[in-house]
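This report concerns only the one structure given below.
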Amino acid sequence: MALIVHKYGGTSMGSTERIRNVAKRVAKWARAGHQIVVVPSAMSGETNRLLGLAKELAPAKPDTAYNRELDMLASTGEQASSALLAIALQAEGQPSVSYAGWQVAIKTNDAYTKARIESIDDQRVRGDLAAGKVVIITGFQGVDDNGNITTLGRGGSDTSAVAVAAAMKADECLIYTDVDGVYTTDPRVVSEARRLAKVSFEEMLEMASLGSKVLQIRSVEFAGKYKVPMRVLSSFTPWDIDINEEAKSGTLITFEEDEQMEQAIVSGIAFNRDEAKISVLGVPDKPGIAYQILGAVADANIEVDMIIQNVSKDGKTDFSFTVHRNDYARTTDLLKDTVLPALGATEVTGDTKICKVSIVGIGMRSHVGVASKMFRSLSEEGINIQMISTSEIKTSVVIDEKYMELAVRALHKAFDLDQA
Ligand code: ADP
Ligand code: ASP
Ligand code: MG
C-alpha cells in the first residue's frame, strides 16, 4: 500500500462528465489498496472567468486590499471542483471528503495572488485516510496567519499537490493533465514534439522557469527540495486501463542523471511571451549606473530577467533589460519620472512584442558549440537576436515575437529533437 497524491488540471476537471471520469480513475487506485489524496484545479476557464469579473469592476492594480479580494474570489473555483469530485466519488461508492486549503490548514505568507506555502498540517488528512476515505484538497490556495485566504499564482495547483506530497512524505505525486507527459517542446506549437520518458529534475526546473507551462516552477522547486518523486501523465486515457501500465506512463521527473540523458545535448525547447524589453539610451558609462537603474526597479518590487549593457561610445552606453509584460508600463514610468533625470540619460524606449526562446539540456555541460549552433539555425531563418543569456544547461535568446513559432520549429529540427 502506498500513499499517492493525484493532481488533476482544469481541462481534466472541465465538465461533470470529466469529473466523473476522474472519480472512476481515483476510485480504481483506492480499490487497489492505496491511500489517495487528490488535488484538483478549478474547472477549465473558471479562474479566468472569475478574475475577468473583478476586472470589469476595477482594473488590476498593485493594491493589497484589491489582491486580497482577488484571492477570496479565485479560490472559489477550486472549492467548487473539489466538492464536485467528492460527490462523484461518493456516487462511485468511494467514501470521500473535500477540504479547502484553510481547513487543512495549508499555511502561506500573505503575498496575495502569489503566496508561498510555509507549512501544512496533515493531521486531519491522515485521520480520514486511515478511515478509508479519499481526501480531496483544493489546489491553488492556502491561508495566512490572520485567516485570510491566499492563492499561489496561476498554475499553482501543481505546487499545492507537490507540497502536500512533500509534507505527507507520499510515495509519489502524479500530475494528471491534458497531454501525456513532458514533451521536447509544447506539442501544441510543434506537432513533431516527442514525449520524454524521463527528464532530469534540473532540466525540468529550467524548462518550467523559461516558460514551459506544463508545470508551475514552484512545484518543481518543491519536488527538488524534498525529493518528491513526480510524474506527469494523461488524464485522458480510459479510466479503466491497467493500473500498473498507468503507473509507468507519462514522464518521470528524475533526480538521477544517466549517461543516456547526457548524450542528448538539448532535451527541450521552452519559450515565453510574457516579457517586455526596456532600454535606457545614452547612459553615462561610469560606476554605479547598473545599480542606479536596477536598484530603483527592484525597490518598486519589479523583477528583472535578462540584462545587457552595450560597449560605450563617447562615454555613453545603452542599458537594456526585460521585465514581465504586466510590469512594463510601471517600469517605464518609473524610469522616465525619476531615473532618467537623475542619470542624465537620453531616452527610455521599450518593446512589448518580444519573446524568449531557450534551449535546455544537461548535455550542454559537456559539449561545446551548442549556442553557436543555435545562433546559426536562427540566422538561417533570418531571425535577428536581440539579447542572449546563458547558463550551464541553457541558452536563451530574445527575438521578435512574430518569429517565435518559426524559431522553435527550426531549433527543434536543428537539434534533432523530432528523432527518437
Ligand atoms: P493543467 O490544466 O492540467 O494544469 P496546463 O495547461 O497548465 O494543464 O499544462 C499543460 C499544457 O502545457 C499542455 O496542454 C501544453 O500545451 C503545455 N506545454 C508547454 N510546454 C510543454 C511541454 N514541454 N510538454 C508538454 N506540455 C507542454
Ligand atoms: N485554477 C488556477 C489557475 O487557473 C490554478 C491551477 O489551475 O493550477 O491558474
Ligand atoms: Mg497547469
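The basis for the numbers below is simple: all heavy atoms, side chains too, and nothing from hydrogens, waters or symmetry mates. The first residue in the sequence is number 1, and the count goes up from there. Indexing begins at 1, ligand by ligand and atom by atom, following the structure's order.
Classification of K24 and E92 as a salt-bridged pair holds, one side-chain N sitting under 4.0 Å from a carboxylate O. Ion pair K225/E221 not flagged as a salt bridge, since none of the NZ, NE, NH1 or NH2 atoms sits closer than 4.0 Å to an Asp/Glu carboxylate oxygen. The pair K353-D351 does not count as a salt bridge, with every side-chain nitrogen at least 4.0 angstrom from each carboxylate oxygen. Salt bridge status for K107 with E118: absent, with no side-chain N to carboxylate O gap under 4.0 Å. Under a 4.0 Å N-O distance rule, the pair E401/R325 qualifies as a salt bridge. Ion pairing between R49 and E46 holds under the 4.0 Å rule for side-chain N and carboxylate O. Between K336 and D333 no salt bridge is recorded (no basic side-chain N to carboxylate O distance below 4.0 Å). In summary, R18 and D178 do not engage in a salt bridge, as defined by a charged side-chain N under 4.0 Å from a carboxylate O. Ion pair E202/R365 flagged as a salt bridge, since at least one NZ, NE, NH1 or NH2 atom sits closer than 4.0 Å to an Asp/Glu carboxylate oxygen. Salt-bridge annotation for R25 and E246: present, with a side-chain N of the basic residue lying under 4.0 Å from a carboxylate O of the acidic one.
In the candidate list R188, M204, M13, R188 is nearest to atom 14 (O) of ligand 1, counting heavy atoms. Summarising the contacts of atom 25 (C) of ligand 1 with G181, G211, S212, the nearest heavy atom is found in G181. The option from E78, Q216, K7, Q141 that lies nearest to atom 1 (N) of ligand 2, judged by heavy atoms, is E78. The heavy atom nearest to atom 21 (C) of ligand 1, considering only V190, I269, D186, T11, is found in D186.
Per-residue contacts place S41 under 4.0 angstrom from the following atoms of ligand 2 (heavy atoms of the residue considered): 6 (C), 7 (O), 8 (O). Against a heavy-atom cut-off of under 4.0 Å, V182 is close to the following atoms of ligand 1: 24 (N). Less than 4.0 angstrom separates some heavy atom of G9 from each of these atoms of ligand 1: 1 (P), 2 (O), 3 (O), 4 (O). Listed by number with element, the atoms of ligand 1 under 4.0 angstrom from any heavy atom of K213 are 7 (O), 9 (O), 19 (C). Within ligand 1, the atoms closer than 4.0 Å to a non-hydrogen atom of Y183 are 22 (C), 23 (N), 24 (N), 25 (C), numbered from 1 in the order shown. Each of the following atoms of ligand 1 lies closer than 4.0 Å to a heavy atom of M207: 23 (N). Remark: ligand 1 atoms within the under-4.0 Å shell around heavy atoms of G10 are 2 (O). Of all the atoms in ligand 1, the ones that sit under 4.0 Å from a non-hydrogen atom of D178 are 10 (C), 11 (C), 13 (C), 14 (O).
Looking only at protein heavy atoms, the nearest one to atom 8 (O) of ligand 1 is T177 OG1, 3.1 Å. With respect to atom 27 (C) of ligand 1, the closest heavy atom belonging to the protein is V214 CB, 3.6 Å. The protein heavy atom nearest to atom 4 (O) of ligand 2 is R154 NH2, 2.9 Å. Ranking the protein heavy atoms by distance from atom 4 (O) of ligand 1 puts K7 NZ, 3.0 Å first.
The part of T185 lying near ligand 1 is the backbone, judged by heavy-atom distances below 4.0 Å. At a 4.0 Å heavy-atom cut-off, ligand 1 touches P187 through the side chain alone. With a 4.0 Å heavy-atom cut-off, ligand 1 is reached by the side chain of V179 but not by its N, CA, C or O.
At a 4.0 Å cut-off, at least one heavy atom of G156 sits close enough to ligand 2 to count as contact.
A donor-acceptor pair is defined here as one N or O able to donate and one able to accept, closer than 3.5 Å; no such pair exists between the side chain of S12 and the backbone of Y8.
In terms of polar-atom proximity, G155 is counted as a contact of ligand 2, with an N or O under 3.5 Å from an N or O of the ligand. The shortest N/O to N/O separation between D158 and ligand 2 does not fall below 3.5 Å.
Side-chain contact between K356 and M306 is present, with at least one heavy-atom pair separated by less than 4.5 Å.
By the 6.0 Å contact criterion, NZ on K114 is open, its count of non-hydrogen atoms from other residues, nucleotides or ligands being 12 or less.
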